[in-house]
Amino acid sequence: MAQKNADGHGVVLFPAPFQGHINPMFHLASLLLARGFSITILHTNFNSPDPTNYPNYHFVSVPDGLTTPIDDVVALVLSLNANCEAPFRDQMSRMRSERGGEPIACVVVDSLLYSVQAAANQLGLPTLVLRTGSAASFNMFVAFPLLWKRGYLPIQDSRLEIPVKELAPLRVRDLLRVEKSSPQKLRELIDQVVKEARTSSGIIFNTFAAIEGNELEKVREELSVPVFPIGPLHKLSPKSENSLMDQDHGCLEWLDEQAPRSVLYVSFGSLASMDGREFAETAWGLANCRQSFLWVVRPASVRGSAQVELPEGFEEETRGRGKMVKWAPQQQVLAHPAVGGFWTHGGWNSTVESISEGIPMLCNPYFADQMGNARFVSEVWKVGIRLENGLERGEIESAIRRLMTGKEGDEMKRRARHLQEKAARCIRNEGSSHAALDKLVDYLLSF
Ligand code: UDP
């Protein structure tokens, strides 16, 4: 079937200013550009993207009013919502008058920016919401009031192992939480996100039917708006450079020298941090497992220290089989034939990227949706293991061995390759994500 061309129809996209939200939104932007839409990116000052990477887009800054750093991520998102609404309205009026009445087909907003979405609706603009997490995590959002009513939330340490029968296979310990934030503030945020998603013209998900078919059905039952599952977005879209930090491409040359499937890639995403003891346990787990590894250690990885200090003796112990970088080209790393496993925090992008390359995972979730994602990895798709007792060198060592060597690891690799094939089928012509993208384009052209 011939693809429709949007012939310059304008779409405005507003990502939430976090790496894991910027990546999928820019992948969506490049897909829409390839289909002929003209792209305007709205962005905050905080974590603003570099426009020189995207000569084909128009960039508009929305002042975010942040004067001091906020390290509670829920408080940060609530502040962004409070601060960005009025500047967003101003920018939209300016854009509309500058365009001389040329219509904006639609505003695509990250679902975390609920106040922006509400403002766009009030201005009479159709809005689509981009969910950068899984469909399962969105179902958890929708169920939040019920989870409070039935006493699963706020989470109590004595109830961690209780199954949440309304959201099988999750247990209380797999529910959404953000350590530094108050449960009430988190609930306020989730309630707003769901309320605005219900009033949107549709929801776009970076997931695909072959892994989340049931979860997507549930979203469709709960919300009477169109749903577009078009993941894995990074595979469907033309390549684009979206990283906020410089990616160290030298690690790809190092990987070229390693044996096939021999390297464990270790990265805990852009936000997670650990304390000094956990960092030392992680380092010794890697040293003692005798496996080759590529470890991403962001400068802010260890709470309370500006500089990361490796434990004494670690470098000698891992010489010749360990490489550390501050930030990696992760999608290329996971696609490299030398990588055989991914020790991850279980962020949704990382999970989808790993599945897309058929790489089994060792999950060590920190906060937000990561615990739920880890549960799906280990219990539903069975392509990984979750570290159940936090960071302890003995458990890490044996979990890495289980993942990278032996029969259990082979089974996980086999299932991971199977999922990779399913992901590849979804994005082919006639595949479910490809079809959902065609529908999305038609839908945008109907506004
Ligand atoms: N990423 C990267 N280099 C790294 C680590 C991560 O480019 O060294 C990218 C990764 O490919 C993913 C994003 O950062 O697209 C992290 O998103 P995710 O949802 O996994 O975790 P978050 O950072 O939001 O916790």
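Remember, it's 1-based here, ligands and their atoms both numbered in the order they're listed. All residue numbers in this chain count up from 1 along the given sequence.
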What orientation do [X] and [Y] show, parallel under 30°, tilted 30 to 60°, or perpendicular over 60°?
X: Tyr366; Y: Phe268; answer: tilted
X: Phe314; Y: Phe293; answer: tilted
X: Phe141; Y: Phe138; answer: tilted

Q.
Can you report which non-hydrogen protein atom sits closest to atom 12 (C) of ligand 1, along with the distance?
A.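 Here the nearest protein heavy atom works out to Glu353 OE2, 3.5 Å.
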If you measure from each non-hydrogen atom of [X] to ligand 1, which part falls under 4.0 Å: side chain, backbone, both or neither?
X: Met245; value: neither
X: His234; value: neither
X: Phe268; value: neither
X: Ala328; value: both
X: Trp327; value: both
X: Val296; value: side chain

(Q) Please report whether ligand 1 has a polar contact with Ser267, defined as an N or O pair separated by less than 3.5 Å (distance criterion only). (A)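 Such a contact does not occur with ligand 1.
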**Q.** Test of proximity, Ser243 against ligand 1: N or O pairs below 3.5 Å
**A.**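 Such a contact does not occur with ligand 1.
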Q. Below 4.0 Å from any atom of ligand 1, is there a heavy atom belonging to His345?
A.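 Per 4.0 Å heavy-atom rule, His345 contacts ligand 1.
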Q.
When you measure from the heavy atoms of Tyr265 to every atom of ligand 1, does any distance fall below 4.0 Å?
A.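 It does; at least one heavy atom falls under 4.0 Å.
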Which of the atoms in ligand 1, numbered in the order shown and given with their element, are less than 4.0 Å from a heavy-atom of [X]?
X: Gly20; value: 17 (O), 24 (O)
X: Gly347; value: 18 (P), 19 (O), 20 (O), 21 (O)
X: Asn23; value: 9 (C), 12 (C), 13 (C), 14 (O), 15 (O)
X: Gln247; value: 7 (O)

(Q) Closer than 4.0 angstrom, basic N to acidic O: yes or no for Arg303 and Glu179? (A)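 Here Arg303 does not pair with Glu179 in a salt bridge, since their nearest N and O are not under 4.0 Å apart.
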Q: Pick out which of Leu362, Leu286, Thr344 makes a side chain to side chain contact (heavy atoms under 4.5 Å, CB included) with Val266.
A: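 The passing option is Leu286.
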Q.
On a heavy-atom basis, I'd like to know which of Cys251, Gly346, Ser270, Ser350 is closest to atom 20 (O) of ligand 1.
A.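 Among Cys251, Gly346, Ser270, Ser350, the closest heavy atom to atom 20 (O) of ligand 1 belongs to Ser350.
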No-hydrogen, no-angle side-chain donor-acceptor test under 3.5 Å, [X] and [Y]:
X: Glu395; Y: Asn389; result: yes
X: Asn242; Y: Tyr54; result: yes
X: Asn206; Y: His234; result: no
X: Trp348; Y: Ser137; result: no

**Q.** Chi angles and distances behind the side chain to side chain contact (heavy atoms under 4.5 Å, CB included) call for Met140, Leu175
**A.** CA-CA 8 Å; Met140 195 194 310; Leu175 296 177; 4.0 Å; yes
